[in-house]
Amino acid sequence: MVSNVLKAEKLTLGGEAVVFDQGDSVLMVLGQHREEVDIYGGARKQLSVNGSASFDEIPAYVTEGTKATFRGIDWKVESVERGQAVTSVSFVDQNRIEA
């Protein structure tokens, strides 16, 4: 039921198109950008955002490290959590420096 409501009401919930690196476009409900200042690299902001979609809408190839584009920014998938109703994806800035 949750999955069906999410599919039907995605535009009402603020769904945004996420284009993954193999060309698949998925409408996802995205959170706000979180900006962290990298204390090791100076004042460069580290961006991250979480998104949700119905469990069957995210392509199977989307795993950690997959590239995506939305909000005019290139992102990298940090993690994917596939549930029975909803799949949650965490994105980080593609140019993020890993410590």
Side-chain angles (χ1 to χ4, degrees):
M1 182 171 156
V2 172
S3 179
N4 292 335
V5 170
L6 186 57
K7 281 182 186 178
E9 300 298 328
K10 206 166 297 174
L11 289 176
T12 304
L13 295 170
E16 299 178 54
V18 175
V19 180
F20 291 100
D21 59 1
Q22 292 188 15
D24 292 301
S25 180
V26 177
L27 204 59
M28 296 183 72
V29 177
L30 299 169
Q32 294 296 314
H33 285 113
R34 192 175 75 219
E35 299 182 1
E36 301 172 5
V37 176
D38 181 9
I39 60 173
Y40 298 108
R44 185 175 184 281
K45 292 182 179 178
Q46 302 285 332
L47 301 176
S48 63
V49 67
N50 293 322
S52 299
S54 177
F55 76 98
D56 59 350
E57 292 182 298
I58 304 296
Y61 70 82
V62 175
T63 58
E64 183 178 329
T66 303
K67 308 292 189 236
T69 303
F70 58 90
R71 296 183 180 173
I73 300 173
D74 292 328
W75 299 88
K76 176 175 60 175
V77 173
E78 183 176 44
S79 66
V80 179
E81 295 179 29
R82 297 180 190 274
Q84 293 181 353
V86 176
T87 297
S88 297
V89 182
S90 296
F91 299 94
V92 292
D93 180 358
Q94 192 170 3
N95 298 316
R96 184 177 188 141
I97 299 168
E98 300 297 330

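Given the structure is predicted, the values throughout are model-derived calculations rather than measurements. Computed from heavy atoms alone, side chains included, the values below leave out hydrogens, waters and symmetry copies.
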Please list, chain by chain and in numerical order, all residues satisfying side chain to side chain donor-acceptor pair (under 3.5 Å) with D74, sequence neighbours excluded. T69
In Å and rounded to the nearest 0.5 Å, what is the CD to OG distance from E57 to S52? 11.0 Å
Test ring pair (Phe, Tyr, Trp, His ring centres under 6.0 Å) applied to F20 - qualifying residues, sequence neighbours left out: none
S90: which residues meet the side chain to side chain contact (heavy atoms under 4.5 Å, CB included) condition with it, sequence neighbours left out? N50, E78, S79
Quick check: do I58 and R82 have side-chain heavy atoms less than 4.5 Å from each other? yes
Using the test side chain to side chain donor-acceptor pair (under 3.5 Å), find all partners of R71 that sit at least two apart in sequence or belong to another chain. E16
For V18 against A68, the heavy-atom pair lying closest together: CG1-CB, 3.9 Å
Taking only residues two or more places apart in sequence or in another chain, which ones pass side chain to side chain contact (heavy atoms under 4.5 Å, CB included) with S25? A17, V19
Validation: residues 59-66 side-chain donor-acceptor distances under 3.5 Å, sequence neighbours left out:
| from | atom 1 | to | atom 2 | distance (Å) |
| --- | --- | --- | --- | --- |
| Y61 | OH | D24 | OD2 | 2.9 |
| T66 | OG1 | Y61 | O | 3.4 |
| T66 | OG1 | T63 | N | 3.0 |
| T66 | OG1 | T63 | O | 2.8 |

When L47, L30, I73 are each screened for side chain to side chain contact (heavy atoms under 4.5 Å, CB included) with F91, the one that passes is L30
Between atom CD of Q84 and atom CG of D56, what is the distance when rounded to the nearest 0.5 Å? 13.0 Å
Short side-chain to backbone donor-acceptor contact, W75 and K67, under 3.5 Å: no
